[in-house]
Amino acid sequence: MVKCSDLSIWAELQEQAHRVKHVSLDSLFEQDPDRATRWTIKLNGLESDFSRNHISDETLALLLRLAKERDVEGLRDQMVSGTKINNTENRAVLHTALRTAKDDPVYVDGQDVMPAIRSLHQKLAKFVADVREERWLGATGQPIRNVVNIGIGGSDLGPRLVVSALREQATGPQVHFVANVDAADLMGLLPKLDPATTLFVIVSKTFTTQETLLNARSAREWLVGALGEEAVAQHFVSVSTNRDAVESFGIHAENMFAMWDWVGGRYSLWSAVGVGIALSVGFAGFQKLLAGAALMDEHFCTAPLDRNIPVLAALIGVWYRNFWGTSALAILPYSERLRDMPRYLQQLDMESNGKSVTRDGEPIDYQTGPIVFGECGSVGQHSFHQWLHQGSSFVPADFIGVRQDDMHRPEHHAVLLAHMQAQVEALMSGRQDPDPARTNPGNKPTSVYWLETLDPYTLGVLLALYEHKVFVQGVIWGINSFDQFGVELGKKLANERLKREKASTPS
Ligand code: F6P
């Protein structure tokens with residue numbers, strides 16, 4: 001496969017970067033009074049403002065040529081139609097099928113996946129309604145008040161983010177998350193719960209993840225200790241592709257929600273992995289989340305590339321990573337309820353694009369996915385923003401704000417947003433001072449995403465935007481964004497150590 005760095009457009013972009021690096025962001029605004037409007041794209045409740053980036057029409061034209069030459073549109077169409085673009089695992093990549101409202105068939109190995117998705121939705125909707133409306137009772141006949149999602153990585157981060165983001169709209173049982181195999185995680189929670197009113201959802205695509213299985217076994221012991229072995233059926237359900245392993249754990253097949261190998265873990269919150277979300281905000285709320293994501297899918301698949309939000313976000317990221325030498329991306333949600341965004345995006349971006357070989361295994365000689373880090377505004381301002389403003393690294397930042405707040409504390413919201421906008425302004429325009437220690441150099445780029453309100457729909461739009469952004473970058477870099485073989489070695493070594501330790505322990 002031709003490497004992106006071998007294309008002549010790559011060299012042209014290098015020259016362009018050389019030419020424009022001295023141009024300040026302020027001067028881009030001075031030259032074009034319409035810049036803020038021209039570089040902002042609105043899509044049902046999401047406003048994406050790219051104006052404070054080091055990007056001109058000329059640079060964009062070059063980046064769009066790069067996207068065309070890498071066949072972003074072709075790969076995108078292959079992805080949504082079920083082609084096995086996850087070539088190293090020979091799998092389709094169909095998280096978009098999970099959220100479409102269309103009934104058009106989507107084939108994998110000659111089989112339409114849509115009927116299975118629709119029947120999963122029916123099963124999920126019934127289960128969620130049964131729990132929330134107190135028809136699903138625990139072993140002692142009491143309704144479920146607490147749900148514990150036990151899973152890790154993609155079986156935790158997405159649902160955890162969404163449940164937390166929508167917590168003001170929660171109407172169901174309280175949903176908790178346990179991921180860490182450190183017993184402090186599970187044992188920090190269990191004493192606060194009543195086994196009689198607690199439901200465990202064991203979420204593991206493979207049902208082989210050691211951390212999840214150990215947490216699940218300990219949770220089971222706790223429950224069985226209180227309510228007896230027969231209680232497991234009413235207090236444990238699971239989400240997995242691995243029916244045999246789920247059954248041998250002791251969870252009835254009818255209490256298992258299906259998953260498929262064409263849903264990647266970090267792209268799975270739209271599947272039954274999102275059952276915690278549906279339990280919290282209701283199945284209708286979950287469907288709104290899917291509808292928001294479907295809107296972004298539609299936009300991604302149909303908007304011209306120069307007005308395509310995920311494509312622009314991706315190209316701007318490539319521009320900085322490969323032509324400005326940045327190694328990081330800051331994610332700064334100015335919303336306490338979006339506090340888990342940086343962690344979620346760490347997995348989405350870094351597990352997807354933390355690769356150093358092309359799709360056909362050739363080593364690459366250019367940078368791929370950046371370090372993703374971040375913190376909630378305004379908390380981050382009092383820790384690492386100093387580094388953003390005056391540090392020696394060039395670090396672009398994504399700011400995420402919510403215009404209308406439903407916390408009924410207008411003063412808090414006004415202060416929060418004032419700080420967000422002030423940060424964006426300070427990063428861009430800086431401040432000159434006779435004292436170099438007090439000088440803010442400015443000229444630091446930001447992309448600003450505004451949600452009109454924080455609700456299931458707008459959240460779906462936002463999360464799908466990031467998924468597609470990561471995808472486009474993977475296509476440009478010629479890597480497979482959908483495998484994660486790098487994490488396997490550590491798992492294997494840990495297992496070997498445990499086996500050795502077990503063998504050497506006298507019984
Ligand atoms: O960390 C590797 C990984 O495979 C992630 O990609 C995945 O989200 C996580 O482990 C959990 O996997 P599972 O859902 O199979 O337990």
Side-chain angles (χ1 to χ4, degrees), residues 85-95 98 120 124 148-163 177-182 185-186 200-220 236-249 251 255-277 340-355 368-369 371-372 463 466-467 470-471 474 479-495:
I85 61 164
N86 176 354
N87 61 308
T88 53
E89 296 181 301
N90 194 30
R91 289 177 182 171
V93 175
L94 276 177
H95 43 282
L98 295 167
L120 168 74
L124 262 182
V148 184
N149 184 104
I150 296 182
I152 199 164
S155 298
D156 168 73
L157 291 164
R160 186 193 286 264
L161 160 67
V162 176
V163 166
F177 290 85
V178 169
N180 199 331
V181 73
D182 181 343
D185 200 358
L186 182 68
F200 292 94
V201 185
I202 313 304
V203 185
S204 178
K205 179 177 166 183
T206 56
F207 224 81
T208 58
T209 303
Q210 189 182 39
E211 296 93 323
T212 297
L213 295 188
L214 183 51
N215 276 326
R217 276 202 303 277
S218 298
R220 194 180 191 282
F236 275 82
V237 300
S238 112
V239 180
S240 187
T241 55
N242 190 345
R243 187 184 166 129
D244 291 346
V246 168
E247 283 188 308
S248 58
F249 179 85
I251 297 176
N255 292 343
M256 174 185 139
F257 297 99
M259 227 187 136
W260 304 277
D261 73 358
W262 40 261
V263 185
R266 52 195 174 273
Y267 300 85
S268 66
L269 73 91
W270 323 99
S271 71
V273 169
V275 61
I277 302 168
D340 289 326
M341 257 328 257
R343 313 170 77 188
Y344 163 78
L345 290 179
Q346 271 171 346
Q347 188 200 14
L348 180 67
D349 200 325
M350 297 171 84
E351 201 172 69
S352 296
N353 286 345
K355 313 281 165 66
T368 56
I371 300 164
V372 175
L463 300 185
Y466 274 102
E467 286 181 346
V470 166
F471 167 76
I479 57 182
N480 178 5
S481 300
F482 300 101
D483 63 15
Q484 58 285 318
F485 292 117
V487 299
E488 295 306 321
L489 175 62
K491 292 183 193 172
K492 182 171 169 281
L493 294 179
N495 276 329

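Order of appearance sets the numbers: ligands from 1, and atoms from 1 within every ligand. If you're wondering where the values come from, they're calculated on a predicted model, not measured in any experiment.
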Do me a favour and list the nearest non-hydrogen protein atom to [atom] with residue, atom name and distance?
{"atom": "atom 15 (O) of ligand 1", "answer": "Thr206 OG1, 2.6 Å"}
{"atom": "atom 8 (O) of ligand 1", "answer": "Gly154 N, 2.7 Å"}
{"atom": "atom 11 (C) of ligand 1", "answer": "Ile152 O, 3.2 Å"}
{"atom": "atom 12 (O) of ligand 1", "answer": "Thr209 OG1, 3.5 Å"}
{"atom": "atom 6 (O) of ligand 1", "answer": "Glu351 OE1, 2.8 Å"}

Query raised in the report: Do Asn242 and Thr206 have a side chain donor and acceptor closer than 3.5 Å?
Result: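 No, no side-chain donor-acceptor pair sits under 3.5 Å.
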**Report entry** Distance-only donor-acceptor check, side chains Asn353 and Ser481, under 3.5 Å
**Finding:**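 Yes - a donor-acceptor pair under 3.5 Å links their side chains.
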Report task. Give the minimum heavy-atom separation between Phe207 and Ser240, together with the two atoms involved. Result ->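 Looking at all heavy atoms of both residues, the closest pair is CB-OG, 3.5 Å.
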Query raised in the report: Does Phe482 have its ring centroid less than 6.0 Å away from the ring centroid of Tyr267?
Result: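 That pair passes the under 6.0 Å test.
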Query raised in the report: For Gln347 and ligand 1, does the shortest N/O to N/O distance drop below 3.5 Å?
Result: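 Yes, Gln347 has an N/O under 3.5 Å of an N/O on ligand 1.
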Query raised in the report: Taking N or O atoms only and a 3.5 Å limit, does Gly153 qualify as a polar contact for ligand 1?
Result: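 Min N/O separation from ligand 1 is not below 3.5 Å for Gly153.
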Query raised in the report: Can Arg220 be said to sit on top of Phe249's aromatic six-ring, NZ or CZ under 6.0 Å from centre and within 45° of the ring axis?
Result: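 Verdict for Phe249: a cation-pi partner in Arg220.
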Query raised in the report: When you look for heavy atoms under 4.0 Å from ligand 1, do you find them on the side chain of Val487, its backbone, both, or neither?
Result: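 The answer is the side chain.
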**Report entry** Of the listed options Lys491, Arg266, Lys205, closest to atom 3 (C) of ligand 1 (non-hydrogen atoms)
**Finding:**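 Among Lys491, Arg266, Lys205, the closest heavy atom to atom 3 (C) of ligand 1 comes from Lys491.
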Report task. List in chain and number order the residues that pass side-chain contact (heavy atoms from CB on, under 4.5 Å) with Glu89, two or more places apart in sequence or in another chain; answer none if no residue qualifies. Result ->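 For Glu89 the side-chain contact (heavy atoms from CB on, under 4.5 Å) partners, ignoring immediate neighbours, are Asn86, Arg91, Asp483, Gln484, Phe485.
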Query raised in the report: Counting N and O atoms only, with roles assigned by atom type, does the side chain of Glu211 sit under 3.5 Å from a partner on the main chain of Val181, one being a donor and the other an acceptor?
Result: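 Here the side-chain-to-backbone pair does not exist.
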